[in-house]
Amino acid sequence: VYRWAARTKPALRRLFVFMSEVVPEGFDALVGGRSLAIDPRQTGELTRVVTAAAGQARKTGQSDATDSDWLDNEKPTLLLVDDDPVLLSVIASFLGDSGFAVTSVDSSAAAMAELRISEFQIVLADWQMDNGAGGELLRWITEQRPAMVGRLAFLSSTAAGEAQAASKGCRAFNKGQDSRGLITALFEIARA
């Protein structure tokens, strides 16, 4: 059923939650980080995920999925992570005006919590955060949602931080430099 949905109604992929006592080998590669697998014995976790997914659908006005290509009808979803509240607000506004559906959080821990319940085409995070470095988020995504690694990009306020993020195989951008280039790269990530 999932493969059929992925081919014929791709917007439905984010609505799938699989129940399995053991996550099957290759599961994340199959779903591309777009669906969750939950142990059915963890009823509290299952209830939390379903409740959060329903709330997210109401919040974004996505009560029904569409048959059309997401670039025609939906903005690419982007999780923005930065511990500086002013920069978080400014960057979120800029990205929203540039055509992204932005969800903002202020720490790696908050990003991980959001990624447990929601799907994003892109994760854009600050590499140097006081309350949880970008490297911590990269490690978690690599371990928990490996199919999302290619959808992860970092912002850095220093050339050294940018180089360090890039050395981990992630796209990295210097904050405040080449905003158009950043937007172009983020749309490329979303299309991939």
Side-chain angles (χ1 to χ4, degrees), residues 14 28 32-36 45 48-49 51-53 55-62 74-192:
R14 69 176 161 263
D28 199 51
R34 290 181 165 88
S35 298
L36 298 173
E45 179 70 3
R48 185 182 65 74
V49 167
T51 301
Q56 182 71 17
R58 277 192 305 277
K59 182 170 81 174
T60 61
Q62 297 172 339
E74 293 181 26
K75 293 179 176 183
T77 55
L78 184 144
L79 177 62
L80 177 62
V81 189
D82 198 315
D83 62 346
D84 182 319
V86 174
L87 281 176
L88 185 64
S89 176
V90 168
I91 296 170
S93 178
F94 169 71
L95 293 172
D97 291 345
S98 297
F100 296 92
V102 180
T103 299
S104 302
V105 294
D106 63 359
S107 69
S108 292
M112 291 178 237
E114 192 66 39
L115 288 166
R116 284 185 183 97
I117 61 169
S118 299
E119 174 197 341
F120 296 92
Q121 275 109 7
I122 308 154
V123 176
L124 179 61
D126 184 4
W127 181 252
Q128 298 117 334
M129 291 183 279
D130 292 335
N131 59 4
E136 178 185 329
L137 179 60
L138 174 59
R139 275 190 300 281
W140 184 87
I141 288 176
T142 301
E143 293 170 5
Q144 301 295 319
R145 305 291 293 275
M148 290 192 68
V149 172
R151 294 189 262 157
L152 179 60
F154 289 100
L155 293 171
S156 177
S157 55
T158 67
E162 186 179 350
Q164 189 178 15
S167 74
K168 304 289 186 185
C170 295
R171 293 193 190 197
F173 305 93
N174 199 331
K175 284 184 182 177
Q177 304 293 316
D178 191 16
S179 299
R180 286 292 124 207
L182 172 64
I183 296 302
T184 300
L186 294 177
F187 273 111
E188 288 172 4
I189 293 169
R191 285 186 185 101

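If you read the sequence from its start, that first residue is 1, and numbering goes on from there.
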Listing, residues 89-100 side-chain donor-acceptor contacts under 3.5 Å, not counting sequence neighbours, or none:
from  : atom 1 : to    : atom 2 : distance (Å)
Ser98 : OG     : Phe94 : O      : 2.8

Original post:
Step by step, would you call Asp84 with Asp126 a side-chain contact (heavy atoms from CB on, under 4.5 Å)?
Top reply: CA-CA 9 Å; Asp84 182 319; Asp126 184 4; 5.9 Å; no
Original post:
What pair of heavy atoms forms the shortest contact from Met148 to Phe120, and how long is it?
Top reply: CE-O, 4.0 Å
Original post:
What's the shortest heavy-atom distance between Ile189 and Gly150, and which atoms?
Top reply: CG2-O, 3.9 Å
Subject >> Qualifying residues under side-chain hydrogen bond (donor to acceptor under 3.5 Å, both in side chains), relative to Gln144, sequence neighbours excluded >> reply: none
Subject >> Validation row: Leu80, Leu88 side chains within 4.5 angstrom (heavy atoms) >> reply: yes
Subject >> Flag side-chain contact, heavy atom, 4.5 Å: Leu182 against Leu155 >> reply: yes
Original post:
What are the two closest heavy atoms between Leu137 and Ala111, and how far apart are they?
Top reply: CD1-CB, 4.0 Å
**OP:** Could you pull out the closest heavy-atom pair between Ser156 and Trp127, with the gap in Å?
**Re:** CB-CB, 4.4 Å
Original post:
Does a side-chain heavy-atom distance below 4.5 Å link Glu114 with Val81?
Top reply: no
**OP:** Using side chain to side chain contact (heavy atoms under 4.5 Å, CB included) as the criterion, list what pairs up with Thr142, not counting sequence neighbours.
**Re:** Leu138, Val149
**OP:** To the nearest 0.5 angstrom, please state how far the CG atom of Leu78 sits from the OG1 atom of Thr103.
**Re:** 8.5 Å
**OP:** Provide the closest heavy-atom pair for Gln121 versus Arg151 in the form atom of the first, atom of the second, distance.
**Re:** O-CD, 2.8 Å
Original post:
Can you name the closest pair of heavy atoms from Asp83 and Gln128 and give their distance?
Top reply: OD1-O, 4.3 Å
Original post:
In Å and rounded to the nearest 0.5 Å, what is the CE to CG distance from Met112 to Leu79?
Top reply: 11.0 Å
